Peer 1: 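One structure, as structure tokens, below. Some questions next.
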Amino acid sequence: MTGDAKAPSSYQRFYAVIRKIPRGRVATYGQIATLAGLDGQARQVGYALAALGRSSAVPWQRVINAQGRISMRSSGPGGSIVQQRLLEREGIEFQPGGRVALTRYQWRKRGS
DNA sequence: CCACTGACGAGTG
DNA sequence: GCACTCGCCAGTG
């Protein structure tokens with residue numbers, strides 16, 4: 001692999017990180033960006049997910065914002081409920097207000 | 001090239 | 001908790 005295919009769109013980089021999120025865990029946009037080596041580009045993470053699609057091989061539902069809330073894609077509020085449903089199905093509990101306890105479900109590398 | 005938009009984050013009052 | 005501002009970058013007209 002001499003040619004590492006060169007800069008595979010930043011998107012692929014985010015997808016690779018998101019795929020590592022274990023089931024029953026969630027990660028924030030900023031976290032994904034940092035792990036991808038693009039600290040500070042949280043916005044691009046959301047942009048990449050938006051361009052992805054529901055039939056993707058990426059567990060996009062495990063990505064939420066730093067407030068522990070589910071961001072809205074487009075088309076009003078119905079979209080967030082779908083994501084919540086998927087997360088609950090993985091064993092993630094939601095607090096009143098549609099919020100997730102990041103202190104309890106945020107994905108973190110062993111040790112920190 | 002410029003302006004605007006967009007699954008965000010952190011800081012300030 | 002809420003409203004506002006700034007930063008960061010890609011896509012579109």
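Note that the coordinates shown come from a computational prediction; the quantities given were computed from them, not determined experimentally. A, B, ... follow the sequence lines: proteins, then strands. Residue 1 opens every chain.
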Peer 1: Do any pairs count as a salt bridge (Lys or Arg N to Asp or Glu O under 4.0 Å) and have a residue in residues 62-71 of chain A, sequence neighbours left out, and if so which ones?
Peer 2: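 Non-adjacent pairs meeting salt bridge (Lys or Arg N to Asp or Glu O under 4.0 Å): A/Arg62-A/Glu90.
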
Peer 1: Take atom CD of A/Gln61 and atom P of B/dA7, then tell me their distance rounded to the nearest Å.
Peer 2: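 Distance, rounded to whole Å: 18 Å.
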
Peer 1: First locate atom CD1 of A/Ile32, then atom CG of A/Leu38, and finally report the distance between them rounded to the nearest 0.5 Å.
Peer 2: 11.5 Å

Peer 1: Take atom CG of A/Leu102 and atom P of B/dC8, then tell me their distance rounded to the nearest Å.
Peer 2: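 Result: 15 Å.
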
Peer 1: Do any N or O atoms of the protein come closer than 3.5 Å to N or O atoms of nucleotides 9-13 of chain C, and which pairs are they?
Peer 2:
unit_1	atom_1	unit_2	atom_2	d
C/dC9	O2	A/Gln44	OE1	2.5
C/dA10	O4'	A/Gln44	NE2	3.0
C/dG11	O4'	A/Tyr47	OH	2.6

Peer 1: Take the protein atom CG of A/Leu49 and the nucleotide atom C1' of B/dG9, then report the distance between them rounded to whole Å.
Peer 2: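 Between C1' of B/dG9 and CG of A/Leu49: 16 Å.
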
Peer 1: Grab the two heavy atoms, one from A/Trp60 and one from A/Ile18, that are nearest each other, plus how far apart they are.
Peer 2: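 In terms of heavy atoms, the two residues are closest at N-CG2, 4.4 Å.
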
Peer 1: What residues from residues 18-32 of chain A pass a heavy-atom cutoff of under 4.0 Å to DNA chain C?
Peer 2: none

Peer 1: With a non-hydrogen cut-off below 4.0 angstrom, is A/Ala50 in contact with a base, only sugar-phosphate, or nothing?
Peer 2: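 Touches a base.
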
Peer 1: For A/Asn65 and B/dG6, give me the distance from atom CG to atom C1', rounded to whole Å.
Peer 2: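 From A/Asn65 CG to B/dG6 C1': 14 Å.
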
Peer 1: So, using side chain to side chain contact (heavy atoms under 4.5 Å, CB included) as the criterion, who are the partners of A/Arg89 when residues are at least two apart?
Peer 2: A/Leu86

Peer 1: Please check if the side chain of A/Gln44 supplies one atom and the backbone of A/Ala33 the other of a donor-acceptor pair under 3.5 Å.
Peer 2: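 A pair under 3.5 Å: no.
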
Peer 1: Return the value, rounded to whole Å, for the distance between atom CG of A/Leu86 and atom C1' of B/dA7.
Peer 2: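 Taking CG of A/Leu86 and C1' of B/dA7, I get 15 Å after rounding.
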
Peer 1: Looking at residues at least two apart in the chain, or sitting in another chain, which of them share a side-chain hydrogen bond (donor to acceptor under 3.5 Å, both in side chains) with A/Thr28?
Peer 2: none

Peer 1: Calculate the interatomic distance between A/Asp39 atom CG and C/dG7 atom P; express it in whole Å.
Peer 2: 16 Å

Peer 1: Under the side-chain hydrogen bond (donor to acceptor under 3.5 Å, both in side chains) rule, collect the residues that match up with A/Gln31, sequence neighbours excluded.
Peer 2: A/Gln106

